[in-house]
2 protein chains.
Amino acid sequence: MTIDTTDLTRRQQEILAFIHQALEAEGRPPTRAEVCRAFGFKSPNAAESHLRALAAKGAITLEEGRARGIRLPGGFPRRSDTFHDTGLPLIGHVAAGNPILAIEHVESRHPVDPALFSPRADYLLRVKGLSMRDAGILDGDLLAIHRTETARNGQIVVARVRDDVTVKTFSARGRLVSLLPANPDFDPITVDTEIEPLAIEGLMVGLIRNGLPN
Amino acid sequence: MTIDTTDLTRRQQEILAFIHQALEAEGRPPTRAEVCRAFGFKSPNAAESHLRALAAKGAITLEEGRARGIRLPGGFPRRSDTFHDTGLPLIGHVAAGNPILAIEHVESRHPVDPALFSPRADYLLRVKGLSMRDAGILDGDLLAIHRTETARNGQIVVARVRDDVTVKTFSARGRLVSLLPANPDFDPITVDTEIEPLAIEGLMVGLIRNGLPN
DNA sequence: GCGCTAACTGTATAAAATAACAGCCAATCA
DNA sequence: TGATTGGCTGTTATTTTATACAGTTAGCGC
């Protein structure tokens, strides 16, 4: 019994791909809220109706009343095949307001083993600018990012503040969170998390630079 | 890196086994309530305290405030063996006087596609020290090296001077060759090539950093 | 234009799940 | 003997998550 994905809409295919990716990266299915965050939906019902549609077409099954009750028919995919032949997705231009992992943003795939990094890398992000220069992160570098929503002080994170995505050093003191650049030419960003939302998109777990020095 | 299960109690091992089993069978970690049902506990706190104990011993990690937030450390089942034959050799301690690519020095192999870099990488070299800090090369980084014996000014090279191997920026003026650090705390090395032999071992074509900052 | 569907926003609420607090009992160890 | 630890019961507050209901907008076929 195979799934016929030809009758899935483009968007539904993206949602399905995200579910696979979440299973791969997190080891468990996403919640409705996590789907919303990934795609930038503002209503949980957007995710809900997509999941219903996928379930109606047999692409997934939904367990009623259970947290993370999304299941893939034919069992849980082997943790290896999905990324193995394809490598890590390189996320390109992260346009403001857009979900970081939307398929449209996958610029290419790089033949890098996610297990090269620990915790494992979920995707690559191309750095623009020199705001983390003194941390050895230069313009054009690829950052290996592990998807997570929590961070500890001193870790370098991908953070989203009001539809703006940046890479900075994380530093929290109570409800105040500072995003520190590693370059005196740039100013820290401080956010009161009870006033402005701050979302951690991921944790830098590695770096890849390719090319000769300019 | 394996988890030392010898310091887990019998009951804790049973709980851990159940978590593995749930992940295998359901494709997601169990909730406290599901642990209770599986073991016949009448209080969710029974499961909670077992999970806390397992987390304290490093057998699992717990994500705070997340449904089914149990994770197995190290991401998931390791499969670093896959790329073993295909990856790039990582050259360890480059003993003075020895050819850099002697088999004895191959510390390990890293699952990296040589074609990720251009020109293609032939091996990886682990950087020691901070003499190239301002070029974004930090202590512990892996440099992707393309074997060549020639270099142009401004390129970062692996050079051997009198049985000493270093990574520096190449700069030639006539018969004088300077190896320039990218850190004001270090001094350039200048060599008169008609007096002292200087050998270029290779050209830096990329960089890989894995691990969290600090 | 009309009905239909996909793809959402926005609001609300109940159920599921986490996580804290206060205990009890038996075994082990100093 | 007292202190500590593992392994639980019982209760409850709070957060997370699922899911229902009521809309909006845009495109597509007729």
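Throughout, protein chains are lettered first and strands after them, A, B, ... in sequence-line order, and every chain is numbered starting at 1.
- In this structure, L62(B) atom CG and dT18(C) atom P are separated by 9 Å, rounded to whole Å.
- At the phosphate of dT17(D), neither OP1 nor OP2 sits under 4.0 Å from any side-chain N or O atom of R32(A).
- The side chain of H50(B) places no N or O atom within less than 4.0 Å of a non-bridging phosphate oxygen (OP1 or OP2) of dG6(D).
- Using a 4.0 Å heavy-atom cutoff across all strands shown, A46(B) reaches at least one base atom of the nucleic acid.
- We find that CG of L16(A) is positioned 13 Å from P of dA7(C), with the value rounded to whole Å.
- Interface remark: the S43(A) side chain does form a donor-acceptor pair with the dG10(C) base, using a distance-only criterion of under 3.5 Å.
- Among the nucleotides dT11(D), dC8(D), dT19(D), the one closest to any side-chain atom of P44(B) is dT11(D).
- In this structure, R11(B) and R68(A) both approach DNA chain D, and ranking their closest nucleotides by distance from the 5' end singles out R11(B).
- When rounded to the nearest whole Å, the span between CD of E63(A) and C1' of dA15(C) equals 15 Å.
- Comparing atom distances between the E48(A) side chain and each of dT19(D), dA16(C), dA20(C) picks out dT19(D) as nearest.
- Of the charged side-chain nitrogens involved, none lies within less than 4.0 Å of a carboxylate oxygen, so that R66(B) and E26(A) do not count as a salt-bridged pair.
- Taking atom CZ of residue R37(B) and atom C1' of nucleotide dA16(C), one finds them 10 Å apart after rounding to whole Å.
- If you take CZ of R28(A) and P of dT18(C), they are 10 Å apart, rounded to a whole angstrom.
- Ion pairing of R68(A) with E63(A) is absent here, as no side-chain N (NZ or NE/NH1/NH2) approaches a carboxylate O to less than 4.0 Å.
- In this structure, CD1 of I15(B) is placed 14 Å from P of dG6(D), rounded to the nearest angstrom.
- The shortest distance between side-chain heavy atoms of P30(A) and I70(A) falls below 4.5 Å.
- A salt bridge is defined here as a Lys NZ or Arg NE, NH1 or NH2 lying under 4.0 Å from an Asp or Glu carboxylate O, and D141(A) with R209(A) meets this definition.
- R66(B) has its CZ atom 20 Å from the P atom of dT14(D), to the nearest Å.
- Not a single donor-acceptor pair, N or O on each side, falls under 3.5 Å between the base of dT19(D) and the side chain of N45(A).
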- prompt: Would H50(B) and I15(B) count as a side chain to side chain contact (heavy atoms under 4.5 Å, CB included) if you check the C-alpha gap in whole Å, the side-chain angles of each, and the deciding distance to 0.1 Å?
  reply: CA-CA 7 Å; H50(B) 275 302; I15(B) 304 277; 4.0 Å; yes
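- We find that CG of L54(B) is positioned 13 Å from C1' of dG7(D), with the value rounded to whole Å.
- Considering only side-chain N and O atoms, R52(A) lies under 4.0 angstrom from the phosphate OP1 or OP2 of dA20(D).
- For E64(B), taking side-chain heavy atoms from C-beta onward, the closest of the listed nucleotides dA17(C), dC8(D), dA19(C) is dA19(C).
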